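This is a predicted model, so every value here is computed, not measured. Just so it is clear, the values below take in all heavy atoms, side chains as well, and ignore hydrogens, waters and symmetry mates.
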Number of protein chains: 2
Amino acid sequence: MEQGAARVVTPELKPVRQPLRQEVVDGIKAYILRNKLRPGDPLPTEPKLCEALGASRSSVREAIRILTALDIVEVRHGHGTYVGRLSLSALVESLTFRGLLSPDDDFQVMSDLIEVRELFERGMAERIVTTLTGDQVDYLQGLVDTMRGAGAGDGHGFVDADRAFHTLLVAPLGNDLMGQLSAAFWDVYVVVAPHLDVFTHEHEAATIANHDRIVDAVRTRDAAEFAAALSEHYAPVRRRIAEARARR
Amino acid sequence: MEQGAARVVTPELKPVRQPLRQEVVDGIKAYILRNKLRPGDPLPTEPKLCEALGASRSSVREAIRILTALDIVEVRHGHGTYVGRLSLSALVESLTFRGLLSPDDDFQVMSDLIEVRELFERGMAERIVTTLTGDQVDYLQGLVDTMRGAGAGDGHGFVDADRAFHTLLVAPLGNDLMGQLSAAFWDVYVVVAPHLDVFTHEHEAATIANHDRIVDAVRTRDAAEFAAALSEHYAPVRRRIAEARARR
DNA sequence: GCAAATTTGTCCGTATGTATC
DNA sequence: AGATACATACGGACAAATTTG
């Protein structure tokens, strides 16, 4: 059946140090770029890819798995293969695992995470308070009210509203990357924090009050007050991480 | 051989909608966490993983491919599988492809990238000028001299020194995540920019002069001057991106 | 609603390339 | 150099999910 010998077909001068599946990965990438496909567009079926790229189904499938992990490709069982959403899901996966694998000092990951998030919002203070429209500020206020309503038992709604609040804070700046990074860091924090005995919602009342203060600062276009409110908001988060670290 | 029927072995109350390979992914992750393995530590061989997780080679291999894409697992052909370095390589891959898939307006990706990098360095201005030691400043100066020496022909050395310069600028802050993100963005920029007709090294002399100015600002612990030098450094980069966008 | 067709998911057996001792 | 252990790759078969007639 001349199985492994099939690769002699490619007349490469340089020895093919690259695994075949990597060539398939590059081939699928090139196909998407060449045809200028968009997220959601269909890709050829596995047999078609096998023929087009000269690889067995196993190799093609492994390549698809790699591209799926990077959200470059999306697969629907029994339906087909499509161009992925190109999200930052791989970053979330990677960072989450790094946070969970904390050996001794890995509260550093969480600390770094929060610091970058705060840097985003504080560094963009002027642009945030000048850019956000009245409607957007109203929507932020609505999210804070949602947090107030969720309150005691329903931690889920509280967390979701909190995430949406900080996402919409940076979204109007027009920097999609920053918004997606901020959201990604939040997702990592939510997953990792409970495993490290970092209590995320110890003082919900104080958190809500701080969010109110942030909204007011945006409404009055007061960048300095906005930055001050952010500091007060992030301080207890940093403190909780430090406390958890001290407990070990 | 009752192939697919083997999954009935797992007595799950909830219907197992998850693909088997995803269970294998989770199983390998759990194995690493349970045994508190570190990057470089060996993992069981494929046959061992098959037996331990109750899956075929195909499923185990596909799971390994996913974990390899996330740099959670690293494979050395003919040697074995090991815990990966948990780098941000997946972010680089993902963002690079997003940048290359630019449909019409995707200079936005590059613009966002540069903006975040500048935010890192400007937002950390005070800490950078107060934290860096004399030796570190000398090393930065050495990198600028390297850029000066690389100059005309050798773009490679120039680019490497430039990358090292900005990496070491934020490295001493103790926020590994920020440093890795900054480096990752740089890698994406270097790969994507040439494909978009963004000339990265148009005025090397001006770039070198700006780096000199940045070093001087750090040496004199002048945060304001440091921020001003950064603005002047990033302005032409933004301009080049805007020009390339206009050309389309 | 059902059966067929399409497509991805999983399994097995085998052969080959690579690194180590 | 030979032997061993391991990952890489192939091909074929069957299972499961989805769409369509």
**Q** Would you say C:dG9 has OP1 or OP2 under 4.0 Å from some side-chain N or O of B:Ser58?
**A**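 For B:Ser58, the contact criterion (side-chain N or O under 4.0 Å from OP1 or OP2 of C:dG9) is not met.
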**Q** Are A:Leu49 and A:Val24 close enough that some pair of their side-chain heavy atoms sits under 4.5 Å apart?
**A**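 The answer is no; the side chains never approach within 4.5 Å.
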**Q** Base, sugar-phosphate or nothing for B:Thr45? Non-hydrogen atoms, less than 4.0 Å.
**A**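 Counting heavy atoms under 4.0 Å across all strands, the contact made by B:Thr45 is with sugar-phosphate only.
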**Q** Using whole Å, report how far NZ of A:Lys48 lies from C1' of C:dT8.
**A**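 Spelled out: NZ on A:Lys48 to C1' on C:dT8 is 14 Å.
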**Q** Mind calculating the distance between CD (A:Glu74) and P (C:dG9) to the nearest angstrom?
**A**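 So the two atoms are 12 Å apart, to the nearest Å.
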**Q** Separation of A:Tyr82 atom OH from D:dT19 atom P, in whole Å?
**A**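 Computing the A:Tyr82:OH to D:dT19:P distance gives 8 Å.
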**Q** If the cut-off is 4.0 Å, is B:Ser59 near the phosphate of C:dC11, judged by side-chain N/O to OP1 or OP2?
**A**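 Checking C:dC11 against B:Ser59, a side-chain N or O does come within under 4.0 Å of OP1 or OP2.
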**Q** Which nucleotide wins on minimum distance to the side chain of A:Pro47, given the candidates C:dT10, C:dT8, D:dT8?
**A**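 Of the options given, the side chain of A:Pro47 lies nearest C:dT8.
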**Q** What's B:Arg61 touching, base or sugar-phosphate or nothing? Going by heavy atoms closer than 4.0 Å.
**A**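 Base: the residue B:Arg61, judged by heavy atoms under 4.0 Å, touches a nucleobase.
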**Q** Take atom CD of A:Glu46 and atom P of D:dG12, then tell me their distance rounded to the nearest Å.
**A**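 My rounded result for the distance is 16 Å.
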**Q** Atom CZ of A:Arg76 to atom P of C:dT8: distance rounded to whole Å?
**A**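 After rounding, the reported distance stands at 11 Å.
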**Q** For B:Tyr31 and B:Pro44, which heavy atoms make the closest approach, and how far apart are they?
**A**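 For B:Tyr31 versus B:Pro44, the nearest heavy atoms are CE2-CD, 3.6 Å.
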**Q** Determine, for A:Glu93 against B:Lys29, whether the closest basic-nitrogen to carboxylate-oxygen distance falls under 4.0 angstrom.
**A**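 Yes, this pair counts.
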**Q** Choose from C:dT10, D:dT18, C:dG9 the nucleotide whose nearest atom is closest to any side-chain atom of A:Val75.
**A**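 Of the candidates, C:dG9 comes closest.
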**Q** Can you tell me how far C1' of C:dT10 sits from CZ of B:Arg57, to the nearest Å?
**A**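 B:Arg57 atom CZ is separated from C:dT10 atom C1' by 13 Å.
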**Q** Which residue lies toward the 5' end of DNA chain D, A:His79 or A:Glu62, if each is placed at its nearest nucleotide?
**A**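 Looking at DNA chain D, the more 5' nearest nucleotide goes with A:Glu62.
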**Q** What is the distance from NE2 of A:His77 to C1' of C:dT7, rounded to the nearest Å?
**A**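 Whole-Å distance recorded here is 8 Å.
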**Q** Provide, to the nearest angstrom, the distance between the CG atom belonging to A:Leu49 and the C1' atom belonging to C:dT7.
**A**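 Whole-Å distance recorded here is 12 Å.
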**Q** So, do A:Phe158 and A:Thr146 sit near enough that their side-chain heavy atoms are less than 4.5 Å apart?
**A**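 No, side chains not in contact.
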**Q** Please name the pair of heavy atoms, one in A:Phe120 and one in B:Leu119, separated by the smallest distance, quoted to 0.1 Å.
**A**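 Closest approach of A:Phe120 to B:Leu119, heavy atoms only: CD2-CD2, 3.6 Å.
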